[in-house]
Amino acid sequence: MRAIVVEDSAPGRIRLADVPEPVPAPNEALVRVHAASVNPGDLAEVDRAPAGLVVGWEAAGVVEREAADGTGPARGTRVTTFAASGGWAELRAAPTEWLAPVPDGVDLADAATLPVAAGSALRALREIGPVLGRRVLVTGATGAVGAYAVQLGAVAGAEVVAVARDLGQAERLRRLGATEVVDRPSAASSRVDGVIDNVGGDVLVDAFGMLHGNGVLVSVGRAARHDVLMPPDLLLSEWDRMRRDIRTFLLLHEDRRLDRDLAVLARWVGEGRLRASVDRVEDLEGGVEVLAGRSWKGKLVLRVA
């Protein structure tokens, strides 16, 4: 099969190659990939992975062979999948606890973005706690995780403050459910009860300063790639800012199973309650060139079939 693999001598350490088909474990389904999503974590994996690894966390396609242990959907089912590697290929083996059916009518390119981006947004919101009637601030709101967090926060009944450097995206973010759009956390009209931070660095510091007492900041992403330097006074526990938390995040920390969350997210996309944001689609050949240059903007999806 064709797959994008790590190769030390190739531009960007990746190339398109013919490799053996994966051999699924008993709890894994063999999936014919139609679309694979690209995440910052995938690119970090390219930088450190051994030569020959087939890269890619998330992909959507059709079950070619169901899991030998009898778990998961049947052959022919459209699914979205997650695994530690193997997504940027024509076939991938995925654990059945990390995949879920995709309704007819949902573009598999959209479905491919659900496990990491939408799954992270959903679980980060849960980490904050009940948000009905509360204010939630989302940094990096125009990114994949951020856009899903804005929508899911609104669905959960939160008043969502979206932070975006480009205020030209304000109308789009309002359509997704944001009630307020600002270019930095401290520009919000009032303090918030929770933060989903996808940026890190100075933005995380600014967002932490906007928390009410008992508020929770969930650090999901570190797009800024800058150190977090916290002024001492920001850590003072004043009456209205006591017991504020900063929490690290791992997609699988809440529950190692993803299938139930993915099924809900895929169903909501099918019902129109949740919208995926795909900014660019490339086939495998074009994708290698784009990935090697690392110069695109927005959410990139590789169309495999």
Side-chain angles (χ1 to χ4, degrees), residues 37-43 58 106-107 109-114 116-122 124-125 128 131 134-211 217-226 249 265 268-269 272-282 290 293-301:
S37 178
V38 177
N39 295 283
D42 293 316
L43 300 179
E58 54 184 354
V106 174
D107 191 326
D110 291 341
T113 71
L114 292 176
V116 175
S120 294
L122 179 66
L125 275 167
I128 290 172
V131 297
R134 295 184 175 178
R135 282 171 61 81
V136 173
L137 185 144
V138 179
T139 70
T142 59
V145 176
Y148 278 126
V150 169
Q151 295 178 78
L152 291 169
V155 166
E159 182 179 322
V160 180
V161 181
V163 180
R165 288 183 301 176
D166 179 9
L167 290 181
Q169 296 290 320
E171 185 55 38
R172 171 186 169 237
L173 290 168
R174 289 191 180 96
R175 287 198 301 269
L176 293 179
T179 55
E180 187 176 349
V181 182
V182 294
D183 62 358
R184 62 192 186 283
S186 55
S189 59
S190 61
R191 288 184 183 170
V192 299
D193 303 287
V195 174
I196 296 177
D197 177 53
N198 299 294
V199 180
D202 293 343
V203 173
L204 183 152
V205 175
D206 197 24
F208 182 74
M210 293 300 295
L211 279 176
L217 183 152
V218 184
S219 175
V220 179
R222 287 152 294 281
R225 298 293 175 189
H226 295 154
F249 178 83
L265 293 166
W268 283 357
V269 173
R273 300 175 66 187
L274 196 61
R275 282 184 282 177
S277 296
V278 176
D279 301 291
R280 183 167 180 174
V281 178
E282 295 281 351
V290 173
R294 302 195 183 187
S295 58
W296 74 93
K297 292 183 179 180
K299 188 63 173 177
L300 173 63
V301 170

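In this chain, residues are counted from 1 in sequence order. Keep in mind it's a predicted model, so treat the numbers as computed, not measured.
The shortest heavy-atom contact between Val199 and Gly140 is CG2-N, 3.7 Å. Minimum interatomic distance between Pro185 and Asp206 (heavy atoms only, all atoms of both residues): CD-OD2, 3.2 Å. Between Ala164 and Thr142 the shortest heavy-atom distance is CB-CG2, 3.8 Å. Among all heavy-atom pairs drawn from Val161 and Ala188, the shortest one is CG1-CB, 4.0 Å. Heavy-atom minimum distance, Arg172 versus Ser277: NH2-OG, 3.0 Å. Across every non-hydrogen atom of Ala141 and Val150, the tightest pair is CB-CG2, 4.0 Å.
The shortest side-chain heavy-atom distance between Ser190 and Glu180 does not fall under the 4.5 Å cut-off. Looking at heavy atoms from C-beta onward, His226 lies out of side-chain contact with Asp202 at the 4.5 angstrom threshold. Counting heavy atoms from C-beta outward, Leu265 and Tyr148 have side chains that stay 4.5 Å or more apart. Using a 4.5 Å heavy-atom cutoff, the side chains of Val192 and Leu211 are in contact. Side-chain atoms of Ser219 and Leu204, non-hydrogen and from C-beta on, do get closer than 4.5 Å to each other. Two residues are said to be in side-chain contact when any heavy atoms from C-beta on lie closer than 4.5 Å; Leu152 and Trp268 meet this criterion.
Note that CZ of Arg184 is 14.5 Å distant from OG1 of Thr139, once rounded to the nearest 0.5 Å. Rounding to the nearest 0.5 Å places CG of Asp193 at 11.0 Å from CE of Met210. Here the OG-CD1 distance, from Ser120 to Ile196, works out to 10.0 Å after rounding to the nearest 0.5 Å.
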Verdict with supporting geometry, Glu58 and Val38, side chain to side chain contact (heavy atoms under 4.5 Å, CB included): CA-CA 8 Å; Glu58 54 184 354; Val38 177; over 6 Å; no
Evaluation steps, side chain to side chain contact (heavy atoms under 4.5 Å, CB included), between Arg134 and Ile128: CA-CA 11 Å; Arg134 295 184 175 178; Ile128 290 172; over 6 Å; no
Residues Glu282, Leu300; criterion side chain to side chain contact (heavy atoms under 4.5 Å, CB included); working and verdict: CA-CA 8 Å; Glu282 295 281 351; Leu300 173 63; 4.0 Å; yes
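Between the side chain of Gln151 and the backbone N or O of Arg275 there is at least one donor-acceptor pair closer than 3.5 Å. Checked by atom type and distance alone, the side chain of Arg135 pairs as donor or acceptor with a backbone atom of Arg191 at under 3.5 Å. Checking side-chain atoms of Asn39 against main-chain N and O of Asp42 turns up no donor-acceptor pair under 3.5 Å. The main-chain N or O of Ala109 is found under 3.5 Å from a side-chain atom of Asp107 such that the two form a donor-acceptor pair.
Shown here is Arg294, whose CZ atom has more than 12 heavy atoms of other residues, nucleotides or ligands within 6.0 Å.
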